[in-house]
Trainee: 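One structure is given below, represented as structure tokens, and several questions about it will come after.
We count ligands from 1, going down the list as the structure has it; atoms in each ligand are counted the same way. In this chain, residues are counted from 1 in sequence order.
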Amino acid sequence: MTDFTKPSTCKCYGMQTAKGTCVPFEITRRAAHPNDVVIAVKFAGICHSDIHQVEEDWGPGIFPMVPGHEISGEVVFVGSKVTKFAVGDHAGVGCMVDSCRNCSSCSRGEEQYCVTGSVFTYNGKHKYQHCVEYTPEGGTPTYGGYSKTIIVDQSFVLKIPSNLDLAGAAPLLCAGITTYSPLIHFGLRPFHKFAVAGLGGLGHMAVKFGKGFGAHVTVISRGIKKKEDALTNLKADAYLDATDADAMTAAMGSFDFILDTISAQHDINAYLGLVKVDGKVVLVGAPNTPLPVYAAGLFFQRKTLAGSLIGGIKETQDMLDFCGRHNILCDVEVIPATKIDEAYVRTKNADVKYRFVIDTSTI
Ligand code: NAP
Ligand code: ZN
Ligand code: ZN
């Protein structure tokens with residue numbers, strides 16, 4: 001039995017260098033302090049953001065890197081001041097493990113927009129004085145969920161409803177909240193014609209939430225490979241092949257709201273053309289190169305182009321509770337840790353239905 005009041009070693013998988021292969025090694029987790037929850041990680045989703053960070057698409061990474069911010073598991077230890085969790089609870093951790101807790105965003109429960117920056121679950125450094133890992137020279141690096149355990153302050157731990165399967169629930173912690181939050185903030189309505197661009201991990205969750213909110217949902221995907229599954233399994237109302245120029249022209253001006261989850265460079269103007277007067281295109285996908293925009297494509301019909309980043313802790317809990325009530329889970333392919341490299345390649349090729357999830361018992 002591990003004594004979590006002292007620093008503990010933890011088996012994990014991660015990359016020693018940028019673009020490196022995913023290999024097993026050990027890290028040291030901090031001693032659990034009074035507000036900490038120790039979670040035995042059961043499943044960790046593979047988000048395309050993991051790939052972007054390992055490949056340094058968004059800038060230099062911190063290596064060795066243990067990716068993973070879609071974490072589900074069971075509480076195995078709680079610090080003396082923990083009130084929100086008990087041993088045995090199903091718990092989750094998403095993209096953040098801390099924030100300043102003081103600024104206007106944090107005060108509103110939107111820690112993802114922390115004015116001085118939230119601390120990411122991995123590829124980040126602890127940087128706030130309320131955290132025991134803070135040092136004036138810069139705190140210690142964070143390590144994510146491709147690991148056996150994770151130790152997180154209770155304020156950044158989520159409750160996973162007990163009726164939800166832990167494998168299917170893990171990606172809710174990023175893919176789920178990232179698609180749920182903009183639908184709430186930008187006001188998706190049941191009478192809206194809503195479209196999801198890109199049918200991957202985020203995209204398939206956007207379809208589920210769009211249906212859950214009562215909208216008419218169209219999937220926009222390249223080719224027709226995903227058409228049948230989108231319409232039958234995901235129960236989308238319609239399908240639009242983004243590579244079919246005639247179909248794209250016919251669909252011009254027909255949507256109220258598009259959520260763009262595309263992970264790579266694409267012609268955003270084509271998607272702006274698909275929305276009506278006053279329509280919205282909200283970007284959540286994070287291509288590593290700028291997307292040129294024609295101003296006239298926006299102002300002629302007063303369209304809105306916006307972006308959204310994950311969601312705050314309270315909203316993430318709301319989303320998990322919504323999923324619990326409606327039995328919404330991610331469609332996952334569960335893999336052993338030895339298949340992470342292969343899963344990265346398949347994710348880059350958009351060949352996953354719709355999220356790889358690592359079974360951490362194989363670590
Ligand atoms: P994913 O599972 O790989 O899905 C991305 C989808 O984008 C693919 O399934 C594919 O859809 C489409 N796509 C890929 N390359 C394309 C190209 N060259 N042209 C057009 N479409 C292309 O990725 P994910 O995990 O859902 O993440 C999607 C993006 O969101 C990533 O960039 C990720 O970093 C970002 N992200 C952002 C946030 C946030 O808070 N804003 C949070 C999480 C992730 P089809 O095969 O259907 O065409
Ligand atoms: Zn993610
Ligand atoms: Zn803040």
Side-chain angles (χ1 to χ4, degrees), residues 44-55 57-58 67-71 94-96 98-123 127-128 130 144-145 170-182 196-207 219-227 229-230 234 239-243 259-268 270-271 282-289 291 306-312 330-331 333 343-356:
I46 295 180
C47 178
H48 208 117
S49 301
D50 298 349
I51 301 173
H52 287 307
Q53 290 177 85
V54 166
E55 302 200 342
D57 281 350
W58 302 333
H69 59 208
E70 297 187 330
I71 300 164
C95 300
M96 302 175 284
D98 199 10
S99 69
C100 88
R101 307 184 190 195
N102 264 324
C103 71
S104 52
S105 299
C106 287
S107 307
R108 281 198 304 275
E110 295 191 318
E111 301 87 350
Q112 76 276 30
Y113 302 123
C114 177
V115 174
T116 45
S118 58
V119 176
F120 291 119
T121 303
Y122 70 88
N123 197 21
K127 61 181 184 186
Y128 293 112
H130 58 245
L172 294 175
L173 277 301
C174 175
I177 184 59
T178 302
T179 51
Y180 179 91
S181 180
V196 178
L199 190 61
L202 266 57
H204 93 291
M205 288 313 302
V207 174
V219 166
I220 309 176
S221 174
R222 295 162 301 164
I224 52 164
K225 208 172 58 200
K226 299 180 183 175
K227 181 173 181 178
D229 198 59
L234 296 176
Y239 186 93
L240 177 57
D241 174 359
T243 65
L259 191 69
D260 181 339
T261 75
I262 297 171
S263 56
Q265 177 63 242
H266 58 291
D267 179 13
I268 188 66
Y271 295 86
V282 180
L283 293 173
V284 287
N288 62 349
T289 47
L291 302 175
S308 184
L309 176 70
I310 46 173
C330 304
D331 293 8
E333 294 189 37
Y344 274 32
V345 173
R346 283 188 51 201
T347 300
K348 285 200 270 187
N349 291 332
D351 173 26
V352 49
K353 275 185 184 160
Y354 283 92
R355 195 53 128 199
F356 287 111

Trainee: Specify the protein heavy atom at minimum distance from atom 8 (C) of ligand 1: its residue, its atom name, and the distance to 0.1 Å.
Mentor: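 Sorting protein heavy atoms by distance from atom 8 (C) of ligand 1 puts A350 CB, 4.0 Å first.
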Trainee: Between ligand 1 and H266, is the shortest N or O to N or O distance under 3.5 Å?
Mentor: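 No - when backbone and side-chain N and O of H266 are compared with those of ligand 1, no distance drops under 3.5 Å.
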Trainee: With respect to V284, determine whether any N or O atom, backbone or side chain, lies less than 3.5 Å from an N or O atom of ligand 1.
Mentor: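 Such a contact does occur with ligand 1.
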Trainee: Which atoms of ligand 1 have any heavy atom of C174 under 4.0 Å away?
Mentor: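 Heavy-atom distances to C174 below 4.0 Å select 42 (C), 43 (C).
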Trainee: Give the residue and atom name of whichever protein heavy atom lies nearest to atom 21 (N) of ligand 1, and the separation in Å to one decimal.
Mentor: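 Of the protein heavy atoms, I262 CG2, 3.2 Å lies nearest.
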Trainee: Once rounded to the nearest 0.5 Å, what's the spacing between atom NE2 of H69 and atom SG of C174?
Mentor: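 Reported to 0.5 Å precision, the distance equals 3.5 Å.
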Trainee: For atom 5 (C) of ligand 1, find the nearest protein heavy atom and state the residue, atom name and distance (0.1 Å precision).
Mentor: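 The closest heavy atom on the protein side is S263 OG, 3.7 Å.
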Trainee: Flag H69 as yes if one of its N/O/S atoms falls below 2.8 Å of the Zn ion (ligand 2), otherwise no.
Mentor: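 It does; at least one qualifying atom falls short of 2.8 Å.
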Trainee: Would you say that T121 contacts I71 through its side chain, given a criterion of any heavy-atom pair below 4.5 Å between the two side chains?
Mentor: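 In short, these two side chains touch, coming nearer than 4.5 Å.
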Trainee: Calculate, to the nearest 0.5 Å, the distance between atoms CD and OG belonging to Q112 and S308 respectively.
Mentor: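 The OG atom of S308 is 7.5 Å from CD of Q112, to the nearest 0.5 Å.
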Trainee: Hey, looking at atom 26 (O) of ligand 1, which of L202, N288, T261 has the closest heavy atom?
Mentor: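 Closest candidate by heavy-atom distance is L202.
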Trainee: Report, in ascending order of atom number, the atoms of ligand 1 lying under 4.0 Å from any heavy atom of W58.
Mentor: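 Matching atoms, with element in brackets: 34 (O).
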Trainee: Please check: side-chain N/O of H266 versus main-chain N/O of A264, any donor-acceptor pairing under 3.5 Å?
Mentor: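 Indeed, once roles are kept as given, a pair shorter than 3.5 Å links the two residues.
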Trainee: Less than 3.5 Å between some nitrogen or oxygen of P287 and one of ligand 1, yes or no?
Mentor: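 P287 vs ligand 1: no N/O contact under 3.5 Å.
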Trainee: To which protein heavy atom is atom 17 (C) of ligand 1 closest, and what is the distance rounded to 0.1 Å?
Mentor: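 For atom 17 (C) of ligand 1, the nearest protein heavy atom comes out as R222 NH1, 3.5 Å.
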Trainee: With a cut-off of 4.0 Å, which atoms of ligand 1 are near a heavy atom of I310?
Mentor: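 Atoms satisfying the 4.0 Å criterion: 39 (C), 40 (O).
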Trainee: Under 3.5 Å between any N/O of A264 and any N/O of ligand 1: does that happen in this structure?
Mentor: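 So ligand 1 has no N or O lying under 3.5 Å from an N or O of A264.
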Trainee: With heavy-atom distances below 4.0 Å as the criterion, list the atoms of ligand 1 near S308.
Mentor: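 Under 4.0 Å from S308, ligand 1 has these atoms: 39 (C), 40 (O), 41 (N).
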Trainee: Within ligand 1, which atoms have a heavy atom of G198 less than 4.0 Å away?
Mentor: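 Heavy-atom distances to G198 below 4.0 Å select 11 (O), 47 (O).
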Trainee: Side chains of Y344 and E55: donor-acceptor distance under 3.5 Å anywhere?
Mentor: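 No, E55 and Y344 have no side-chain donor paired with an acceptor closer than 3.5 Å.
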Trainee: May I ask you to identify the nearest protein heavy atom to atom 44 (C) of ligand 1, giving residue, atom name and distance to one decimal place in Å?
Mentor: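 Heavy-atom neighbour on the protein nearest atom 44 (C) of ligand 1: S49 OG, 3.2 Å.
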Trainee: Where do I268 and L283 land on the side-chain contact (heavy atoms from CB on, under 4.5 Å) test, with the steps shown first?
Mentor: CA-CA 9 Å; I268 188 66; L283 293 173; 3.7 Å; yes
Trainee: Measure the distance from atom 2 (O) of ligand 1 to every protein heavy atom, then report the residue, atom name and distance (to 0.1 Å) of the closest one.
Mentor: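 For atom 2 (O) of ligand 1, the nearest protein heavy atom comes out as G201 N, 2.8 Å.
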Trainee: Among all protein non-hydrogen atoms, which one is nearest to atom 30 (O) of ligand 1, and what is the separation to 0.1 Å?
Mentor: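 Of every protein heavy atom, G285 CA, 3.3 Å lies nearest to atom 30 (O) of ligand 1.
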Trainee: Can you sort out which atoms of ligand 1 are near L199, meaning under 4.0 Å from one of its heavy atoms?
Mentor: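 Every atom of ligand 1 under 4.0 Å from some heavy atom of L199: 9 (O), 11 (O), 45 (P), 47 (O).
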Trainee: Do the rings of H130 and Y128 sit parallel, tilted or perpendicular, given the 30° and 60° boundaries?
Mentor: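 Ring orientation of H130 relative to Y128: parallel.
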Trainee: Counting from 1, what ligand 1 atoms have a heavy atom of T347 closer than 4.0 Å?
Mentor: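 That gives atoms 3 (O) of ligand 1.
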Trainee: Any chance you could measure E110, atom CD, to C103, atom SG, to the nearest 0.5 Å?
Mentor: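 The SG atom of C103 is 10.0 Å from CD of E110, to the nearest 0.5 Å.
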Trainee: Please confirm if an N, O or S atom belonging to H48, backbone or side chain, lies less than 2.8 Å from the Zn ion (ligand 2).
Mentor: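 Checking H48: none of its N, O or S atoms is under 2.8 Å.
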Trainee: For L309 and ligand 1, does the shortest N/O to N/O distance drop below 3.5 Å?
Mentor: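 N/O-N/O distance below 3.5 Å does not exist for this pair.
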Trainee: I want to know if ligand 1 touches C47 in the polar sense, i.e. an N/O pair below 3.5 angstrom.
Mentor: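 In this structure, C47 places no N or O atom under 3.5 Å from an N or O of ligand 1.
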Trainee: Does Y113 use its side chain to pair, donor to acceptor, with the backbone of L309 at less than 3.5 Å?
Mentor: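 Yes, because the side chain of Y113 sits within donor-acceptor range (under 3.5 Å) of the backbone of L309.
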Trainee: Tell me whether K353 at atom NZ has more than 12 heavy atoms from other residues, nucleotides or ligands lying less than 6.0 Å away.
Mentor: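 No, because the 6.0 Å sphere around NZ of K353 holds 12 heavy atoms or fewer from other groups.
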Trainee: For atom 39 (C) of ligand 1, what is the nearest protein heavy atom, given as residue, atom name and distance?
Mentor: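 Checking every protein heavy atom, the shortest distance to atom 39 (C) of ligand 1 gives T178 CG2, 3.4 Å.
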Trainee: Does S221 reach ligand 1 with a nitrogen or oxygen that is under 3.5 Å from one of the ligand's nitrogen or oxygen atoms?
Mentor: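 Looking only at distances, the answer is yes, because the N/O contact criterion of under 3.5 Å is met.
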Trainee: Run the contact test for R355 against ligand 1 with a 4.0 Å cut-off on heavy atoms, strictly below, and give the result.
Mentor: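 R355: in contact with ligand 1 (<4.0 Å).
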Trainee: If we ignore hydrogens and angles and just use 3.5 Å, is the side chain of R346 paired with the main-chain N or O of D351 as donor and acceptor?
Mentor: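 Indeed, once roles are kept as given, a pair shorter than 3.5 Å links the two residues.
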Trainee: Using the Zn ion (ligand 2) as the apex, give the angle to atoms SG (C47) and SG (C174), rounded to 10 degrees.
Mentor: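 With the Zn ion (ligand 2) as the vertex, the angle is close to 130°.
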Trainee: Please check this pair: side chain of D241 against backbone of G223, looking for a donor-acceptor N/O pair closer than 3.5 Å.
Mentor: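 Side chain of D241 to backbone of G223: a pair is present.
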